[in-house]
Amino acid sequence: MSDPILQINDLCVSLRQHGRKINVLDHVTLDVPAGGAEGLVGESGSGKSMTLRSVIGLLPKNAQVDSGEIIFDGDNLLADPRKLRSIRGTGISMIFQEPAVALNPIMRVGEQITDGLQEHFGLDSRQARNQAIELMGQVGIVDPEHRVDAYPFELSGGMRQRVMIASAIACKPKLILCDEPTTALDVTVQEQVIDLLTSLRREMGIALLYVTHDMAVVANICETVTVLYSGQVMERGSVHDVFAHPDHPYTAALLHSTPLIDGPAKRLEPIPGTAPLLSERPDGCPFAPRCSYATSACTGIVHPVRIGHSRFISCTHPLDKEA
């Protein structure tokens, strides 16, 4: 595995609501190898999107980074905000969950691709337009010469997401943050978009940090995975190791509640209870109230433990008793 293009070390992020501080990310640590793909999974509210927004500096106004490091290509982005502004687009880009919201409804889609090209590469309007047409063709948009002048509402959901991808790769970034980019699409278009991202990654050497609820997507396109719950890392490791032999009860519960596409039929097992509100997170392991293995020891601070070369787990009672 190559050296990391992105390293997130002990990242802590909080929100201010009604004068109260609420921790939303609690010492999150992960890394993405150059040219690699890291999956970020967990239930809604686990902190996946907040992690991505921390990396690219798009946190809500009432959010702040309290501590930690976000190191991209050797530079700590939290220590130099100007550096972050300079690498948006050229170093890091982002594909959002809902293109109908992310795209400007009163701008032609071609203009939304050319903005970055003109800003970062100094292309004139004609050069940028030609490049936008080429990019739209590259991401599989039919008849890009005409659709470059379309407004977002004139395109289907799949086409809009392809425009988002074209915009994301326009300035040849080293890392793309993918915030559930296929959630709003039907199954057939989902597969097309995933195949497109996979091929672009292979051809351009772009690394992906991929947020999704779909464990099958992670299994198909990612080499490594980080499991988040209530703003904390529960487990990290290779996709093969974590999915084949989950050590954290939460990871196992996620997998047991996921249908198998190409495996034997099985009865799905929903996770009992619900994830706690971030403002009501219990002391110790946040999953303990829903965990059948929990004991009084789980109310204390649980530190991540390394298992082997590159696997980590935060659990007092791991399923692998030798961990």
Side-chain angles (χ1 to χ4, degrees), residues 35 37 49 52-53 56 58 85 87-214 216-217 220-221:
S49 294
L52 296 196
R53 290 179 175 274
I56 204 167
L58 293 178
R85 287 193 293 270
I87 65 173
R88 283 198 191 113
T90 57
I92 305 174
S93 60
M94 186 164 177
I95 302 171
F96 294 91
Q97 179 174 346
E98 178 48 78
V101 176
L103 292 172
N104 189 326
I106 61 173
M107 285 181 66
R108 300 181 192 275
V109 294
E111 295 172 346
Q112 301 188 54
I113 299 172
T114 60
D115 275 353
L117 293 168
Q118 292 178 290
E119 173 70 23
H120 293 291
F121 299 136
L123 302 184
D124 61 33
S125 58
R126 183 170 182 174
Q127 291 171 323
R129 176 185 169 85
N130 289 338
Q131 185 67 31
I133 292 171
E134 183 178 332
L135 286 163
M136 290 175 70
Q138 186 177 349
V139 299
I141 295 177
V142 179
D143 195 15
E145 293 83 0
H146 291 92
R147 289 200 165 103
V148 71
D149 293 318
Y151 290 96
F153 72 86
E154 296 178 295
L155 302 178
S156 67
M159 288 290 185
R160 288 194 293 263
Q161 194 59 285
R162 290 174 187 270
V163 169
M164 286 287 298
I165 295 171
S167 180
I169 67 173
C171 297
K172 298 179 174 60
K174 296 180 180 179
L175 170 68
I176 296 180
L177 309 176
C178 303
D179 190 4
E180 301 189 54
T182 61
T183 297
L185 307 176
D186 62 57
V187 175
T188 302
V189 178
Q190 282 183 25
E191 184 176 358
Q192 294 172 357
V193 170
I194 290 169
D195 289 345
L196 173 59
L197 288 170
T198 302
S199 64
L200 288 171
R201 176 193 160 204
R202 182 174 59 250
E203 294 165 7
M204 303 176 67
I206 298 172
L208 302 179
L209 179 53
Y210 200 105
V211 162
T212 182
H213 287 92
D214 193 333
V217 170
N220 284 333
I221 70 173

### Which residues share a side chain to side chain donor-acceptor pair (under 3.5 Å) with Asp143, sequence neighbours left out
His146
### Message
Can a donor-acceptor pair be found, under 3.5 Å and without considering hydrogens, that links the side chain of Gln112 to the backbone of Ser167?
### Response
no
### Task
For side-chain contact (heavy atoms from CB on, under 4.5 Å), just list the numbers for Leu177 and Arg53, CA-CA rounded to whole Å, side-chain angles, deciding distance to a tenth of an Å, and then say yes or no.
CA-CA 9 Å; Leu177 309 176; Arg53 290 179 175 274; over 6 Å; no
### Pro173 versus Gly91, closest heavy-atom pair with distance
CB-O, 3.6 Å
Using residues 129-140 as the side-chain source, report each donor-acceptor pair under 3.5 Å to any protein atom, sequence neighbours left out, with the distance given to one decimal.
residue: Arg129; atom: NH1; partner: Asp149; partner atom: OD1; Å: 2.8
residue: Arg129; atom: NH2; partner: Asp149; partner atom: OD2; Å: 3.1
residue: Asn130; atom: ND2; partner: Arg126; partner atom: O; Å: 3.4

### Query
How far apart are the closest heavy atoms of Cys171 and Gly89, and which atoms are they?
CB-O, 3.3 Å
Contacts under 3.5 angstrom, residues 189-197 side chains, donor-acceptor by atom type, not counting sequence neighbours:
residue: Gln190; atom: NE2; partner: Thr182; partner atom: O; Å: 3.3
residue: Gln190; atom: NE2; partner: Leu185; partner atom: O; Å: 2.9
residue: Gln192; atom: OE1; partner: Arg162; partner atom: NH2; Å: 3.2

### Query
For Ala128, which residues count as a side-chain contact (heavy atoms from CB on, under 4.5 Å) partner, sequence neighbours excluded?
Thr114, Leu117, Gln118, Leu123
## Note on the structure
Heavy-atom nearest pair, Ser93 first then Ile56, reads C-CD1, 4.2 Å
### Task
Might you point out which heavy atoms bring Pro99 and Gly157 nearest each other, and give the distance in Å?
CG-O, 4.2 Å
### Message
Show every salt bridge (charged side-chain N to carboxylate O under 4.0 Å, His left out) that has at least one partner inside residues 97-111, sequence neighbours left out.
### Response
none
### Task
Mind listing the closest non-hydrogen atom pair of Pro105 and Tyr151 along with its distance?
O-CD2, 3.8 Å
## Note on the structure
For residues 200-213, the side chain to side chain donor-acceptor pair (under 3.5 Å) pairs (sequence neighbours left out) are Ser44-His213, Glu180-His213, Arg201-Glu223
### Message
Consider side-chain contact (heavy atoms from CB on, under 4.5 Å). Of Leu103, Ile106, Asn104, Val163, which one does Pro152 pass it with?
### Response
Leu103
### Task
Find the distance between CZ (Phe153) and CZ (Arg160) and round it off to the nearest 0.5 Å.
10.5 Å
### Message
Could you work out, with side chain to side chain donor-acceptor pair (under 3.5 Å) as the rule, every residue matching Asp214, not counting sequence neighbours?
### Response
none
